[in-house]
Amino acid sequence: MPEVSAVFHRMEKQVRDSFARFLADRFGAGVPVVIEQPKQSSFGELALPVAFTLARQLKKAPKAIAEELASQLPSIPGVAAVEVAGNGYLNVRLKRGEYAAALLSGAASAAEEVAGKIIVEHTNINPNKAAHIGHLRNAVLGDTFVRMLRASGRKVEVQNYIDNTGVQVADVVVGFRHLENKTLSGVKALIAAPRFDYYCWDLYARTSSYYHDHPEAVQWRRDTLHTIEHGEGEIAELAHLVADAIVECHLDTMWRLGIAYDVLPRESEILHLEFWKKAFEQLKERGAIYFVEEGKNKGCWVMGAAHFRDTPAGEEAGDDDAKVIVRSNGTVTYVGKDIAYQMWKFGLLGLDFHYKPLRTYPDGHPLWVATGEACDQPAPAFGGGTEVYNVIDSRQSYLQDVVVAGLRALGYNGQADRSIHFSYEMVALSPRTCVELGIPLSEEDSRKAYVEVSGRKGLGVKADDLIDKLIEKAKGEVDSRHAEKPEGERLLVATQLAIGALRYFLLKFTRNTVIAFDLQEALSFEGETGPYVQYAAVRARNILRKMAERGGTLPDFRAQLDAPKLDRQLQSEDFWQLLLAASRSSKALDAALAAGEPSHVARYAFQLAQAFNAFYHDYPILAEQDAEKRTFLLWLAVYCKEQLERSLEAVLGIPVPEYM
RNA sequence: GGGACCGUAGCUCAGCCGGAUAGAGCACCUGCCUUCUAAGCAGGGGGUCGCAGGUUCGAGUCCUGCCGGUCCUACCA
C-alpha cells in the first residue's frame with residue numbers, strides 16, 4: 001500500500017469539493033477553487049484566494065466578497081472554521097482532534113491503480129572509464145525519481161543503456177593497442193586486478209591527449225570503431241572485454257548508493273539485431289528522413305530541421321540545418337540508434353532483444369542484460385512502456401528533440417508526447433575544489449566560476465573516491481561517539497551516513513541548477529544535509545529504544561487515544577504544527593512528482609526533520625508525568641518517525657542508521 | 001547569427017497557478033549539554049529579488065527592451 005497517509009490530501013479534496021459546489025450554486029460553474037498553504041501557520045491549515053478571483057467578475061472588493069462567502073458557506077465536515085484574513089483570503093481551520101484520529105486509525109484511501117508501465121532510463125555511462133560526480137547526479141536523480149513513481153503506485157522499469165560500441169570505448173581500446181601494446185591476456189590481467197575503471201580513466205585521458213598531439217592517430221580510432229561495430233576479431237573481443245568489465249565496475253559503484261537496474265540494453269545488440277535497419281526502413285517509408293544530393297551534407301540521410309526546430313517565419317530550413325542521421329559513409333549516428341531504441345521502448349519496433357541474467361543484487365533483485373542470442377532462461381517482458389523518461393543532461397536536449405521528432409515524423413504523436421527528456425544541469429567543479437584535489441587549472445579555468453568536468457581530460461572527482469572519502473569522515477565521527485560498538489556495525493553506520501550525505505547533496509538542488517561541486521560542502525554533515533535528516537529519524541528511534549531499555553512498552557495508541565483526547569493535546573500549537581507537517585508527506589510527494597522535482601521531497605524531509613528536532617529538544621517525552629500527554633507525545637514521535645523513514649528510505653533512497 | 005537557461009543575503013541555493021511581513025543552509029556573533037545523543041536547539045546582524053519600462057487591486061513570479069553569465073546550435077556522444 002503506497003499511500004500510508006493521504007488524510008491531508010483527502011481533507012483538501014473535501015474542502016475543494018465543498019467550495020466548488022457552493023460557488024457553482026451561487027455563481028455558476030467556472031470558478032476555479034485554488035487551495036494554497038497559508039503564508040503563516042497561525043493563519044490556519046488551508047488558504048483560498050477565491051475572493052480575489054471573484055473580485056474581478058463581481059467588481060467588488062475582495063474583502064467584502066470573502067466576508068459574504070464565509071458567512072454563507074455551509075459547514076464542511078472536518079472543518080472547524082473558515083475565517084477572513086488579510087484583504088480577502090479565506091483561511092480554513094481544521095478540527096484537530098478529528099484530523100489526528102483519522103491519521104491514527106490509519107484510514108488511507110487506496111492508491112489509484114494506474115495502468116501501464118513507465119520506463120525510466122538513467123545512468124548511461126560510457127563504459128570506458130570510472131564513474132564521476134556528474135554521472136552520480138544522473139543516477140541519483142534517476143533512481144530517486146523511480147522511487148517517487150513507485151511510492152505513488154506506478155509500475156516502473158529501470159533501464160541503463162550501455163554504449164559499448166561507441167567512440168569512447170574505441171579510444172580506450174586504441175590506448176591499450178597502440179599506446180601500451182597490450183595483448184588480450186595483458187588486459188585480462190588488468191581486469192582481474194582491482195580498479196580497472198581507474199586504470200582506464202587515466203588511459204582514456206592519455207589517449208585523448210595523444211590525439212591532440214598527433215592528429216594523424218585519429219585514424220586508429222576510425223579503424224578501431226569500424227572493427228568494433230563489425231563485431232568480429234580480436235579487437236572487437238578486446239572492446240567487449242573492456243566494456244563489460246567497466247560496466248561491472250559501474251554497477252558496483254551505483255549499488256554502493258543503493259541504485260539498481262532492471263535491464264541493460266546494449267548498443268552492440270541494437271546493431272546486431274538490426275534494430276536500426278528496421279527503424280531506417282520506417283523512417284524512409286514515412287518520409288521522416290531524406291537523402292541529400294548536394295551541399296555540406298551531401299550523401300547523408302538527414303532529418304529536416306523543421307521537424308525539431310521552430311523555423312522563423314518567412315524562412316525555409318535548408319538541408320544544411322538538417323540533422324544527419326546516416327553519414328555519407330553509410331554508418332548511423334548515435335541519434336539514429338537512439339530513435340530505434342526509443343521506438344523499442346514503446347514497443348513500436350516489432351523487434352526485441354534476447355536477454356540473460358547478469359547479476360542478482362544482494363537484496364535479491366535480478367538484473368538482465370540484452371544479448372544477441374536466445375538464452376535458456378525465460379526473461380521478463382522488457383520495453384513496451386506507455387511513458388518514457390530519459391534522464392539525460394540538458395546539454396543533450398537538442399539530440400533528445402531530434403529523437404522525439406523522429407517518433408512524431410513516424411506518426412507516433414502520442415508516444416512523442418510521452419517521451420520525456422528528464423533533463424538536469426551538469427555538475428562542475430569549483431576552482432577551489434580543483435586546487436584542493438590537486439587538479440591543475442589553466443589560467444582561463446581559474447578565472448571561471450566553475451570548471452566543467454571532462455572525462456576526456458581526466459578532469460573530475462571519481463565517484464568511488466568521493467564515497468570512500470565520505471565513509472572515512474563519517475567513520476571518524478561514529479568512532480568518536482560509539483567506541484563501544486563493534487567495528488562492523490560502526491562501518492555500516494558510517495556507510496549509511498555517507499550515502500545519506502551524498503544522495504541528499506545531489507538532490508537538494510533543483511534540476512536546472514548547475515552544481516558547482518564543492519568538496520567541503522559535500523562532506524558536511526550539518527545543516528541542510530542528509531545526516532541532519534537521518535539524525536532526526538535516529539533521535540525518534542532513540543526515544544523508543546530508551547523506553548524499551550527502561551522496561552516500558554509502546555502503548556496501544558488506538559485504544560488509548562481518541563478524538564477528544566487528541567483534540568485536547570493538539571491545542572498546543574507546537575504539536576499541531578508538527579503533526580500537520582508530518583501528515584503532509586504524501587502531498588509533498590505528489591507535488592514533487594507533478595513538478596518532476598526530486599529536490600522537493602528532499603526539502604520536505606529536511607523541513608520535517610527541522611520541526612521534529614525542535615520538538616525533540618523542547619519536550620522530553622519519557623520524562624512526561626501526565627499519562628495522557630505522554631501517550632500522545634509517544635504517538636506523535638512514532639508518527640513522525642514513520643513519515644521521516646518513509647521519505648528517506650522509500651523515496652529518497654537514504655537509509656536510516658540504528659544509531660549515529 | 002539562431003535557440004535554451006540563469007542573475008534573490010558575504011557564499012551556496014529555495015520560492016508551487018501572480019497574492020498576506022521575500023525564506024533556508026553555510027559563514028559570522030550571543031546563549032544552551034546532570035535530562036530521549038549538542039551531527040542538535042534558541043536568538044542576532046545581513047536584501048534597491050541584475051537594470052529600465054509595461055500589464056493590474058496586487059509582480060521576485062507574467063510581457064518587452066537592455067546589461068552580465070552559461071550551455072546548445074558536429075558526418076562526437
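FYI, side chains are in, hydrogens and waters are out, and symmetry mates aren't considered; it's all heavy atoms of this structure. Chain A is the first sequence line, chain B the second, and so forth, proteins listed ahead of strands; every chain is numbered from 1.
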Q.
I'd like to know whether the aromatic ring centres of A:Phe525 and A:Tyr535 sit less than 6.0 Å apart in this structure.
A. no
Q. Between A:Glu293 and A:Lys298, is the closest basic N to carboxylate O distance under 4.0 Å?
A. no
Q. Should A:Arg603 be listed as having a side-chain N or O under 4.0 Å from OP1 or OP2 of B:rA24?
A. no
Q | Out of B:rU37, B:rC41, B:rA77, whichever nucleotide has its closest atom nearest the side chain of A:Leu399 | A | B:rA77
Q.
Which is it for B:rC26, anti or syn, if anything within 90° of zero counts as syn?
A. anti
Q: Just call it for A:Tyr398: base, sugar-phosphate, or nothing, with non-hydrogen atoms closer than 4.0 Å on any strand.
A: sugar-phosphate
Q. For the pair made of NE2 in A:His307 and P in B:rG3, what is the distance, rounded to whole Å?
A. 21 Å
Q: May I ask you to check whether A:Trp276 and A:Tyr341 place their ring centres under 6.0 Å from each other?
A: no
Q.
By nearest atom, which of the nucleotides B:rA77, B:rC13, B:rC41 is closest to the A:Asp618 side chain?
A. B:rC41
Q.
For a quick test of reading the model: is some side-chain N or O of A:Tyr532 closer than 4.0 Å to OP1 or OP2 of B:rC41?
A. yes
Q.
Please determine whether a side-chain nitrogen or oxygen atom of A:Tyr334 lies at a distance below 4.0 Å from atom OP1 or OP2 of B:rA77.
A. no
Q. Distance check: side-chain N/O of A:Gln396 vs OP1/OP2 of B:rC76, anything under 4.0 Å?
A. no
Q) Taking O4'-C1'-N9-C4 for purines and O4'-C1'-N1-C2 for pyrimidines, is B:rC29 syn (within 90° of 0) or anti? A) anti
Q: Return no unless some side-chain N or O of A:Arg395 is found under 4.0 Å from OP1 or OP2 of B:rU73.
A: no
Q. What do you reckon, are the aromatic ring centroids of A:Phe280 and A:Trp301 less than 6.0 Å apart?
A. yes
